[in-house]
2 protein chains.
Amino acid sequence: MSGLQQAKSEETRRKVLEAACEAIETGGLAAVNIRNIAKEAGYSIGSVYKHFKDVDELIIAVNTLTFSKMKDRMAEAFEAEDDPLDRLQALARTYYRFSRENTKLWLTLFGHRLPEDYPTPEEHVQANVDLLSFVGRALQGLHPELEGEELTVRVKTCFAAVHGIVALSYERRFVSLSDEVLERELEFAVARLVA
Amino acid sequence: MSGLQQAKSEETRRKVLEAACEAIETGGLAAVNIRNIAKEAGYSIGSVYKHFKDVDELIIAVNTLTFSKMKDRMAEAFEAEDDPLDRLQALARTYYRFSRENTKLWLTLFGHRLPEDYPTPEEHVQANVDLLSFVGRALQGLHPELEGEELTVRVKTCFAAVHGIVALSYERRFVSLSDEVLERELEFAVARLVA
DNA sequence: GTCAAATGGTGAACGACGTTCACTTTTGGA
DNA sequence: TCCAAAAGTGAACGTCGTTCACCATTTGAC
């Protein structure tokens with residue numbers, strides 16, 4: 001494969017992926033429909049399957065993009081602060097705000113359960129590790145005595161706690177808190193957890 | 001409707017619901033299939049729809065049962081302790097253990113997103129309020145000065161944090177912790193959050 | 001006991017979906 | 001110029017949720 005063909009192939013993949021992103025941004029996971037996505041991208045059903053072996057792979061690709069956008073935002077937040085505690089607070093706040101500004105994408109990232117026999121996307125595991133490493137570096141700045149396994153575990157706990165506060169704010173059963181209150185509670189939780 | 005008819009109707013509903021529970025306990029949300037459930041229950045497709053207007057309503061019924069089982073366990077945990085902090089720790093531990101012992105049901109409870117136009121089941125909102133009230137009563141025992149809105153908000157935060165730690169332990173992307181470590185981290189998080 | 005209405009129960013049929021594949025069109029290189 | 005390889009197509013298949021016209025059983029009034 002060379003030149004023109006590769007370019008066409010990449011463009012098709014890109015357009016299909018874009019259409020899938022737009023579908024999810026608009027209607028969430030429920031709006032993923034190969035026929036619609038193919039039409040929106042300007043291709044036939046068959047072409048979608050030339051680039052993605054099934055819907056799960058397409059959704060995984062969207063989630064990989066979401067992870068990437070989130071990582072950029074988290075990197076910004078990390079760089080913008082010097083003080084370790086400020087960094088941790090900024091990371092939590094950024095995590096929450098990203099979810100607010102990209103709610104459908106964020107819900108898809110955590111709501112799409114792939115079949116049990118489906119292999120876990122290695123890139124997603126790595127993306128998670130990358131996210132945790134921001135928290136890890138900030139936490140170590142605050143607690144230099146924490147190291148190795150102990151640090152890793154504590155990082156996961158803090159991340160998970162923040163994640164839970166964000167996640168439940170989208171649970172319709174859960175009588176939810178206002179934006180301001182939620183950010184204050186997030187700040188409280190982080191302060192306590194890393195004190 | 002009277003006597004025999006009502007009894008038949010209730011039995012059918014019960015058998016269908018039981019079949020749905022078993023399907024979910026075995027294969028999770030993905031295993032929900034009206035044809036299979038009807039067959040397992042010993043009825044036809046049409047009969048299922050006489051008792052549940054669509055799959056969502058059937059899943060909601062299963063989730064209501066799950067909530068009820070969880071509430072029983074949380075009530076036990078609450079009663080078993082006197083000290084407020086012990087109570088809070090027991091509630092968190094129970095929440096986690098329930099999710100371990102009923103993983104598929106628990107994942108279905110939090111993984112099933114119903115259509116946006118679908119009304120939030122009032123009974124689920126109430127079930128959530130009931131769960132939070134255990135936490136609320138225990139937390140107030142520890143912090144009598146907390147009251148009203150302030151207490152409500154803090155209760156939600158603590159619950160959500162615990163929920164997040166439990167929830168992420170089922171995320172395959174997330175390199176997860178062992179049972180013992182997770183319970184220790186849960187204890188740490190609760191101790192810090194309510195200190 | 002009789003009969004009509006109400007309720008329980010059935011499964012073929014419909015439309016939408018994910019997926020496959022035999023096919024046509026376009027391309028790259030010899 | 002020609003043909004293998006790759007891109008692109010869409011009809012067709014199986015499965016799913018859902019509907020509905022139909023039969024069977026139960027009920028209550030007479």
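Both backbone and side-chain heavy atoms feed into the values below; hydrogens, waters and symmetry mates do not. Numbers restart at 1 for each chain; the letters A, B, ... are given by sequence-line order, proteins then strands. No experiment lies behind these values; they were computed from the predicted model shown.
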Trainee: With a 3.5 Å cut-off and no angle check, do the side chains of A/Gln6 and A/Glu10 form a donor-acceptor pair?
Mentor: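 Judged by distance alone, the side chains do pair up.
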Trainee: Whole Å only: how far is the CD1 atom of A/Ile59 from the C1' atom of C/dG18?
Mentor: 11 Å
Trainee: What is the distance, rounded to the nearest whole Å, between atom NZ of B/Lys39 and atom C1' of C/dG9?
Mentor: 18 Å
Trainee: Taking the nucleotide of DNA chain D with the closest heavy atom to each, which residue, A/Arg35 or A/His51, is nearer the 5' end?
Mentor: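 It is A/His51 whose nearest nucleotide is closer to the 5' end.
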Trainee: Would you say B/Thr12 places a side-chain N or O within less than 4.0 Å of OP1 or OP2 belonging to C/dG8?
Mentor: no
Trainee: Closest-nucleotide mapping onto DNA chain C: is A/Asn33 or A/Lys50 further toward the 5' terminus? I mean the 5' end.
Mentor: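 Looking at DNA chain C, the more 5' nearest nucleotide goes with A/Asn33.
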Trainee: Could you report the tightest heavy-atom contact between B/Leu142 and B/Val194, atom names first, then the distance?
Mentor: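 Of all heavy-atom pairs spanning B/Leu142 and B/Val194, the closest is CD2-O, 3.5 Å.
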Trainee: With heavy atoms under 4.0 Å as the rule, sort B/Val32 into base, sugar-phosphate or nothing.
Mentor: sugar-phosphate
Trainee: Counting only side-chain N and O atoms of A/Ser9, is one of them less than 4.0 Å from OP1 or OP2 of D/dA7?
Mentor: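 Answer is yes, contact under 4.0 Å.
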Trainee: Whole Å only: how far is the CZ atom of B/Arg13 from the P atom of C/dG9?
Mentor: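 Roughly 14 Å, once rounded to whole Å.
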Trainee: Grab the CG-P distance between A/Asn36 and C/dG18 for me, whole Å please.
Mentor: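 So the two atoms are 9 Å apart, to the nearest Å.
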Trainee: In whole Å, I'd like the distance from the CD atom of A/Glu11 to the P atom of D/dA7.
Mentor: 13 Å
Trainee: Counting only heavy atoms from other residues, nucleotides and ligands, does the tally under 6.0 Å from CD of A/Glu145 exceed 12?
Mentor: yes
Trainee: Roughly, in whole Å, what's the span from OH in A/Tyr43 to C1' in D/dA7?
Mentor: 9 Å
Trainee: In terms of heavy-atom contacts, does NZ of A/Lys71 have more than 12 from other residues, nucleotides or ligands at under 6.0 Å?
Mentor: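 Atom NZ in A/Lys71 is not packed in, count stays at 12 or less.
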Trainee: Quick one: does B/Lys8 reach the base of C/dG8 with a side-chain donor-acceptor pair under 3.5 Å?
Mentor: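 It does not, because no donor-acceptor pair links the side chain of B/Lys8 to the base of C/dG8 below 3.5 Å.
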Trainee: Send over the distance from B/Ile45 CD1 to C/dC14 P, rounded to a whole Å.
Mentor: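 So the CD1-P distance, B/Ile45 to C/dC14, works out to 15 Å.
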Trainee: For the pair made of OH in A/Tyr49 and C1' in C/dT19, what is the distance, rounded to whole Å?
Mentor: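 My rounded result for the distance is 5 Å.
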Trainee: Quick one: which of B/Tyr96, B/Tyr170, B/Trp106 gives a ring pair (Phe, Tyr, Trp, His ring centres under 6.0 Å) with B/His163?
Mentor: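 The ring pair (Phe, Tyr, Trp, His ring centres under 6.0 Å) with B/His163 is passed solely by B/Trp106 among B/Tyr96, B/Tyr170, B/Trp106.
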Trainee: At under 4.0 Å, does any side-chain N or O of B/Ser44 touch on OP1 or OP2 of C/dG9?
Mentor: no
